[in-house]
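Below is one structure, written out as structure tokens; comments come after it.
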Amino acid sequence: MGQKVSRSDFEWVYTEEPHASRRKIILEKYPQIKKLFGHDPNFKWVAGAMVLTQILALFVVKDLSWLWLLVAAYCFGGIINHSLMLAVHEISHNLAFGHSRPMHNRILGFICNLPIGLPMSISFKKYHLEHHRYQGDEAIDTDIPTLLEARLFDTTFGKFLWVCLQPFFYIFRPLVINPKPPTRLEIINTVVQLTFNTLIVYFLGWKPLAYLLIGSILAMGLHPVAGHFISEHYMFAKGFETYSYYGPLNWITFNVGYHNEHHDFPAVPGSRLPEVKRIAKEFYDTMPQHTSWTRVLYDFIMDPAVGPYARVKRRQRGLAS
């Protein structure tokens, strides 16, 4: 478990991120993909049902022992909360109500955020859209581990700890790499979330709130659904910086596994990404892909060729190379 990773630096490249150019090529060949653009009218009902499920679950978990609460948080509540995080991801692209109704998207984001326990919907949007536009940028893309992370967690056991601590890196890394002043909507998001949390404690006690928070944290770490965090952009095959996964966990994650398709066409809702792959299959079938998010976690931890360093990075424009 003390074996060190074989990489000592990130994979530095001097080309543009690949998705914009591939999108142009695919649309020239398959212009009908443009018909898939736009919001998914069924999305709000699916996301709303998950929020309601978690609220109803609070009345059950309040009487559980702490041991069974942890089991419920890992095996049930955390999965729903992770799915709601990916609902927030869809909403960040305005895929719930469309670009013409931005506040409808933001309000639904507040609602989907409630069971997660920590205010994140607005903050996620402002950083995630930059991840799309500036993928791999050393100073802008906060999806990439910091140099300190890569150096500290460079052994097999270190990578295991890094995976377990992944939710905290996602929370605090943007504040280190690319801090931004809070916006008015972020403040509203925080007030709404803290009010909801306070009401839970007042009416139901601390256990239901713990169920939500613990579930969110556990399902972002060493958990099968969290495998997508690593599968999406960690370089398992040299020269490829985005990977798709077409397995069954897409059913509960809004097809986030179709990640090359998503980055190529962020205006297409998750429910229609399989159609993108079907139409342009010759572009996607030939690229490396993952078959299991659980296997991704195992390989990330055990394979010395993979680790926090295994990311494609680009120099920020204007900085000395």
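FYI, the numbering just counts along the sequence from 1.
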Without placing hydrogens or testing angles, list every side-chain donor-acceptor pair under 3.5 Å for residues 28-39, not counting sequence neighbours.
residue	atom	partner	partner atom	Å
Lys29	NZ	Glu282	OE2	2.8
Tyr30	OH	Glu282	OE1	3.3
Tyr30	OH	Glu282	OE2	2.6

**Message:** Check Arg311 with Glu241, please: is the shortest side-chain N to carboxylate O separation under 4.0 Å?
**Reply:** no
**Request:** Return yes when atom CH2 of Trp12 has more than 12 non-hydrogen atoms of other residues, nucleotides or ligands closer than 6.0 Å, and no otherwise.
**Result:** yes
**Request:** Tell me, yes or no, whether the heavy-atom count around Arg295 atom CZ, taken from other residues, nucleotides or ligands under 6.0 Å, exceeds 12.
**Result:** no
**Lys277 to Tyr258, cation-pi by 6.0 Å centre distance and 45° axis angle** = no
**Message:** Taking CZ in Arg151 as the centre, count heavy atoms belonging to other residues, nucleotides or ligands within less than 6.0 Å. Is the count above 12?
**Reply:** no
**Request:** Classify the side-chain pair Ser271/Asp40 by whether it contains a donor and acceptor separated by less than 3.5 Å.
**Result:** yes
**Item:** Test item: Glu90 side-chain N/O and Gly270 main-chain N/O as donor-acceptor pair under 3.5 Å
**Value:** yes
**Request:** Check whether any side-chain N or O of Asp299 sits under 3.5 Å from a backbone N or O of Val296 as a donor-acceptor pair, and report yes or no.
**Result:** no
**Prompt:** Among the clusters formed by ILVMFWY side chains lying less than 4.5 Å apart, do Val191 and Leu194 turn up in the same one?
**Reply:** no
**Asked** Lys62 and Pro208: which non-hydrogen atoms are nearest, and at how many Å?
**Response** CB-CG, 3.6 Å
**Item:** Any donor-acceptor N or O pair under 3.5 Å, side chains Asn255, Glu261
**Value:** no
**Item:** Where Ala219 and Gly78 come nearest, the two heavy atoms and their spacing
**Value:** CB-O, 3.1 Å
**Prompt:** When hydrophobic residues are tied together by side-chain contacts of less than 4.5 Å, even through go-betweens, does Leu84 share a cluster with Ile171?
**Reply:** yes
**Request:** Group every Ile, Leu, Val, Met, Phe, Trp and Tyr by side-chain heavy-atom contacts under 4.5 Å, then state whether Leu204 and Val201 land in the same group.
**Result:** yes
**Request:** Verify the distance criterion only: is there a donor paired with an acceptor across the side chains of Asp141 and His131 at less than 3.5 Å?
**Result:** yes
**Request:** State yes or no: are the ring centers of His233 and Tyr243 separated by less than 6.0 Å?
**Result:** no
**Worked verdict on Leu56 versus Thr53 for side chain to side chain contact (heavy atoms under 4.5 Å, CB included)** = CA-CA 5 Å; Leu56 293 176; Thr53 298; 5.9 Å; no
**Message:** Here's a test for you: under ring-ring contact (aromatic ring centres under 6.0 Å, His included), which of Tyr127, Phe229, Phe124 qualifies with Tyr170?
**Reply:** Phe229
**Message:** Between Leu67 and Leu218, is there shared hydrophobic-cluster membership here, with clusters defined by ILVMFWY side-chain heavy atoms closer than 4.5 Å?
**Reply:** no
**Request:** Using the ring pair (Phe, Tyr, Trp, His ring centres under 6.0 Å) rule, collect all pairs that involve residues 83-106, keeping only residues at least two apart or in two chains.
**Result:** His89-His93, His89-His128, His89-His262, His93-His128, His93-His132, His93-His262, Phe97-His104
**Item:** Side-chain donor/acceptor of Ser83 to backbone N/O of Thr253, under 3.5 Å
**Value:** no
**Asked** Quick one: do the Asp303 and Tyr298 side chains pair a donor with an acceptor below 3.5 Å?
**Response** no
**Asked** Can Leu118 be reached from Trp206 by stepping across I, L, V, M, F, W or Y side chains whose heavy atoms are under 4.5 Å apart?
**Response** yes
**Prompt:** Do Arg314 and Glu16 sit within salt-bridge range, that is, some charged N less than 4.0 Å from a carboxylate O?
**Reply:** no
**Asked** Looking only at atom types and distance, does a side-chain atom of Thr155 sit under 3.5 Å from a main-chain N or O of Lys4, one as donor and one as acceptor?
**Response** no
**Asked** Does Arg23 pair with Asp264 as a salt bridge, N-O distance under 4.0 Å?
**Response** no
**Asked** Taking the side chain as C-beta and beyond, is there a heavy-atom pair between Tyr246 and Ser244 under 4.5 Å?
**Response** yes
**Fill in**
Of Ser121, Cys112, Ser216, Pro115, the one forming a side-chain contact (heavy atoms from CB on, under 4.5 Å) with Met85 is Ser216
**Asked** Is there a donor in the side chain of Glu186 and an acceptor in the side chain of Ser123, or the other way round, less than 3.5 Å apart?
**Response** yes
**Item:** Nearest atoms (heavy-atom pairs only) where Arg173 meets Ile144
**Value:** CD-O, 3.1 Å
**Message:** Tell me if the centroids of the rings in Phe153 and Phe160 come within less than 6.0 Å of each other.
**Reply:** no
**Asked** Are side-chain N/O atoms of Thr242 and Gln135 paired as donor and acceptor at under 3.5 Å?
**Response** yes
**Prompt:** Can the ring centroids of His259 and His290 be said to lie less than 6.0 angstrom from one another?
**Reply:** no
**Request:** Can you see which heavy atom on Asn105 is nearest to which on Ile91, and at what distance?
**Result:** O-CG2, 3.0 Å
**Item:** No-hydrogen, no-angle side-chain donor-acceptor test under 3.5 Å, Gln289 and Tyr284
**Value:** no
**Prompt:** Is there a donor-acceptor pair under 3.5 Å between the side chain of Lys238 and the backbone N or O of Met235?
**Reply:** no
**Message:** Within the 3.5 Å criterion, strictly below it, is a donor on Asn189 or Gln193 matched to an acceptor on the partner's side chain?
**Reply:** no
**Message:** What I want to check is whether the side chains of Arg106 and Asn94 have a donor and an acceptor closer together than 3.5 Å.
**Reply:** yes
**Prompt:** Are any of the side-chain nitrogens in Glu130 or Arg133 under 4.0 Å away from the carboxylate oxygens of its partner?
**Reply:** no
**Asked** Less than 4.5 Å apart, any side-chain heavy atom of Gln166 and any of Ile230?
**Response** yes
**Item:** Stepwise side chain to side chain contact (heavy atoms under 4.5 Å, CB included) check, Lys207 with Leu64
**Value:** CA-CA 8 Å; Lys207 277 189 176 179; Leu64 294 180; 5.7 Å; no
**Prompt:** Of all heavy-atom pairs between Tyr74 and Pro224, which one has the smallest distance, and what is that distance?
**Reply:** OH-CD, 3.9 Å
**Prompt:** With a 4.5 Å heavy-atom cut-off, do His228 and Leu86 have their side chains touching?
**Reply:** yes
**Request:** Start with the C-alpha gap between Ile279 and Ile26, add the side-chain angles, then the distance that decides, and say whether side chain to side chain contact (heavy atoms under 4.5 Å, CB included) holds.
**Result:** CA-CA 10 Å; Ile279 293 172; Ile26 292 175; over 6 Å; no
**Message:** side chain to side chain contact (heavy atoms under 4.5 Å, CB included) for Val268 and Glu275? Distances and angles first, verdict last.
**Reply:** CA-CA 10 Å; Val268 175; Glu275 182 66 8; over 6 Å; no
**Complete:** With Lys159 as partner, the option from Asp154, Val5, Leu297 fulfilling side-chain contact (heavy atoms from CB on, under 4.5 Å) is Val5
**Asked** Given Tyr211 and Gln54, is the side-chain hydrogen bond (donor to acceptor under 3.5 Å, both in side chains) satisfied, shown in steps?
**Response** CA-CA 10 Å; Tyr211 159 79; Gln54 281 291 68; 2.8 Å; yes
**Message:** A quick test of your reading: do over 12 heavy atoms of other residues, nucleotides or ligands sit less than 6.0 Å from CH2 of Trp45?
**Reply:** no
**Asked** Got a sec, which residues hit ring pair (Phe, Tyr, Trp, His ring centres under 6.0 Å) with Phe10, two or more places apart in sequence or on another chain?
**Response** Tyr309
**Message:** Any non-hydrogen side-chain atom of Asn113 less than 4.5 Å from a side-chain atom of Phe196?
**Reply:** no
**Message:** Do Leu69 and Val60 make a side-chain contact, defined as non-hydrogen atoms from C-beta onward lying under 4.5 Å apart?
**Reply:** no
**Prompt:** Going by heavy atoms in the side chains, are Tyr245 and Asn250 under 4.5 Å from each other?
**Reply:** yes
**Message:** What's the separation between atom CG in Leu52 and atom CD1 in Ile111, rounded to the nearest 0.5 Å?
**Reply:** 11.5 Å
**Prompt:** Of the non-hydrogen atoms in Ala57 and Phe76, which two are nearest, and what is the gap between them?
**Reply:** CB-CE2, 4.3 Å
